[in-house]
Participant: 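Here it is: the structure, laid out below.
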Number of protein chains: 2
Amino acid sequence: MSPARKPPQISLPVLNDDPRGWEVKVAVAVLQFHGRLERRMSEALSPHGVTLAQYDVLMTLWHGDGITQQELAERLLVTKANVVGLIDRVGAAGWVERRPDPCDRRANRLYLTDAGRKLAIEAQPGQFALVRKIFGGLSEEELQQMHAFLERLNGASTECG
Amino acid sequence: MSPARKPPQISLPVLNDDPRGWEVKVAVAVLQFHGRLERRMSEALSPHGVTLAQYDVLMTLWHGDGITQQELAERLLVTKANVVGLIDRVGAAGWVERRPDPCDRRANRLYLTDAGRKLAIEAQPGQFALVRKIFGGLSEEELQQMHAFLERLNGASTECG
DNA sequence: TATTGTTATACTCTATAACTATA
DNA sequence: TATAGTTATAGAGTATAACAATA
């Protein structure tokens with residue numbers, strides 16, 4: 001059972017109130033808000049004995065079982081070496097299992113167990129409720145606007161160079 | 001010299017594309033964007049040999065020297081025990097020093113050293129440039145809108161219960 | 001040769017609890 | 001008694017490098 005720890009540090013005052021324009025103000029606000037969001041999501045998860053990183057694994061597999069560790073590493077933007085430890089932990093908790101790929105004997109395919117699905121079903125409503133609560137202060141139209149902004153920023157922050 | 005590591009895991013697909021409304025979509029987008037932002041800020045910091053968490057410390061002290069470890073812990077939303085290690089590390093790098101509080105012999109006051117100020121001066125422009133680049137795709141008006149949304153969300157996510 | 005997964009090693013950050021010195 | 005800082009312990013997550021088995 002993973003011992004319910006707080007999320008990593010929130011990286012709040014990375015940039016302090018500075019006169020150099022709104023970009024920095026927004027960046028600070030994003031960092032600040034993300035810290036709180038992450039913290040509260042972690043707290044909501046902790047009664048289920050799962051960390052946010054582990055929940056990411058479960059949700060990725062919930063979205064689509066049977067991927068390899070390498071594929072999971074790519075989706076999580078983590079090295080394959082780290083996936084080993086991650087799967088060791090969710091595996092030890094009984095939520096995920098490795099099955100050898102019959103066509104490629106180097107590879108493992110990852111599957112949610114019944115317990116893993118059960119956990120996801122139990123934990124998801126709380127997560128959704130929390131998110132609805134936190135974002136409930138914005139209207140649907142405002143949420144759509146913010147979503148559009150973030151999509152554009154996600155595009156920009158993916159660019160190289 | 002702290003060895004320039006990547007930020008913690010990005011917590012991306014915590015909630016997957018789900019039919020239950022825009023709150024969840026926006027939450028996923030925030031998590032996603034924050035992951036990229038944090039990663040790129042860390043990368044920009046790593047040539048200076050400082051982590052994001054350590055940079056937080058430096059920026060907090062840049063903003064105002066002479067606070068106690070307890071006060072720093074409160075601002076960083078971290079336990080005082082963690083601040084000990086954090087200050088040990090930035091202290092070992094020569095960026096911050098503890099000076100005993102003359103009025104309260106239990107307390108330390110934290111000060112940026114010349115090297116710490118030098119580092120901040122060297123690292124800040126890169127951070128600001130990066131932020132301007134990432135957020136440059138949004139107009140000033142859009143940035144102001146987004147800032148307003150985030151401020152409202154920050155208020156909401158602070159509420160208890 | 002390239003790829004999948006593994007192990008080994010080391011570091012940062014976090015949490016809790018118990019402790020010391022001082023207030 | 002309460003507070004500031006420390007130490008001890010533990011665990012999660014990350015990175016790099018080298019390795020085995022397989023393709």
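The sequence lines fix the lettering, A, B, ..., with proteins before strands; numbering per chain opens at 1.
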Participant: Using the test side-chain contact (heavy atoms from CB on, under 4.5 Å), find all partners of B:Arg99 that sit at least two apart in sequence or belong to another chain.
Facilitator: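 B:Arg99 satisfies side-chain contact (heavy atoms from CB on, under 4.5 Å) with B:Glu97, B:Tyr111 only.
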Participant: What is the separation between atom CD on B:Glu97 and atom P on D:dG5, rounded to the nearest whole Å?
Facilitator: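 After rounding, the reported distance stands at 15 Å.
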Participant: Check every atom of D:dA12, D:dG5, D:dT16 against the side chain of B:Gln70 and return the nucleotide holding the closest atom.
Facilitator: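 For B:Gln70, the side-chain atoms sit closest to D:dG5.
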Participant: What does nucleotides 17-23 of chain C look like as a protein-contact string, B for base, S for sugar-phosphate only, - for none, at under 4.0 angstrom between heavy atoms?
Facilitator: B---BBS
Participant: By nearest nucleotide on DNA chain D, pick out whichever of B:Glu74 and B:Asp88 is the more 5' one.
Facilitator: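 Its nucleotide being nearer the 5' end, the pick is B:Glu74.
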Participant: Can you list the residues that meet the side-chain contact (heavy atoms from CB on, under 4.5 Å) rule with B:Ala81, with sequence neighbours excluded?
Facilitator: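 B:Ala81 satisfies side-chain contact (heavy atoms from CB on, under 4.5 Å) with B:Thr79 once adjacent residues are dropped.
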Participant: Can you list every salt bridge (Lys or Arg N to Asp or Glu O under 4.0 Å) pair that touches residues 77-90 of chain B, not counting sequence neighbours?
Facilitator: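 Those involving residues 77-90 of chain B are B:Asp88-B:Arg98.
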Participant: Write down the distance between CG (B:Leu77) and P (C:dC13), rounded to a whole number of angstrom.
Facilitator: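 After rounding, the gap between these two atoms is 16 Å.
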Participant: Taking only the side-chain heavy atoms of A:Ala107 (C-beta and beyond), determine which of C:dC13, D:dG13, C:dT4 contains the nearest atom.
Facilitator: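 The listed nucleotide nearest to A:Ala107's side chain is C:dT4.
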Participant: Quick one: A:Gln69 CD to C:dT3 P, roughly how many Å, whole number?
Facilitator: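 The answer, rounded to whole Å, is 17 Å.
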Participant: Under the side-chain contact (heavy atoms from CB on, under 4.5 Å) rule, collect the residues that match up with B:Asp104, sequence neighbours excluded.
Facilitator: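 B:Asp104 satisfies side-chain contact (heavy atoms from CB on, under 4.5 Å) with B:Asp101, B:Arg106, B:Ala107 only.
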Participant: Round to a whole Å and report the spacing from CZ of A:Arg99 to P of C:dG5.
Facilitator: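 That distance rounds to 15 Å.
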Participant: Tell me whether A:Ser42 contacts the main-chain N or O of A:Arg39 through its side chain, where contact means a donor paired with an acceptor under 3.5 Å.
Facilitator: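 Absent.
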Participant: When you check the phosphate oxygens OP1 and OP2 of C:dC13, does a side-chain N or O of B:Thr51 lie under 4.0 Å from one of them?
Facilitator: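 For C:dC13, OP1 or OP2 has a side-chain N or O of B:Thr51 closer than 4.0 Å.
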Participant: Distance check: side-chain N/O of B:Asn108 vs OP1/OP2 of D:dT6, anything under 4.0 Å?
Facilitator: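 It does, given that an N or O in the side chain of B:Asn108 lies less than 4.0 Å from OP1 or OP2 of D:dT6.
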Participant: Any donor and acceptor pair, going by atom type alone, linking the side chain of B:Glu38 with main-chain N or O of B:Gly35 inside 3.5 Å?
Facilitator: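 No, because the side chain of B:Glu38 does not come within donor-acceptor range (under 3.5 Å) of the backbone of B:Gly35.
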Participant: Just the rounded figure in Å: distance from P of C:dT4 to CG of A:Leu110.
Facilitator: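 About 13 Å, once rounded to whole Å.
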Participant: Heavy atoms only, 4.0 Å cut-off, all strands: where does B:Thr68 land among base, sugar-phosphate and nothing?
Facilitator: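 Result for B:Thr68 = sugar-phosphate.
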Participant: Mind calculating the distance between CZ (B:Arg39) and C1' (D:dA15) to the nearest angstrom?
Facilitator: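 Between C1' of D:dA15 and CZ of B:Arg39: 11 Å.
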Participant: By nearest atom, which of the nucleotides C:dA15, D:dA15, D:dT6 is closest to the B:Arg98 side chain?
Facilitator: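 Of the candidates, D:dT6 comes closest.
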Participant: C:dC13 P sits how many Å from A:Leu52 CG, rounded?
Facilitator: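 That distance rounds to 19 Å.
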Participant: Taking the side chain of A:Val84 as heavy atoms from C-beta outward, which of C:dA15, D:dA15, C:dG5 is closest to it?
Facilitator: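 It is C:dG5.
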Participant: Mind checking what makes side-chain contact (heavy atoms from CB on, under 4.5 Å) contact with B:Ala115, not counting sequence neighbours?
Facilitator: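 side-chain contact (heavy atoms from CB on, under 4.5 Å) check on B:Ala115 returns B:Trp95, B:Thr113.
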Participant: If I take atom CG in residue A:Leu86 and atom P in nucleotide D:dA12, what distance separates them, rounded to the nearest angstrom?
Facilitator: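 Whole-Å distance recorded here is 10 Å.
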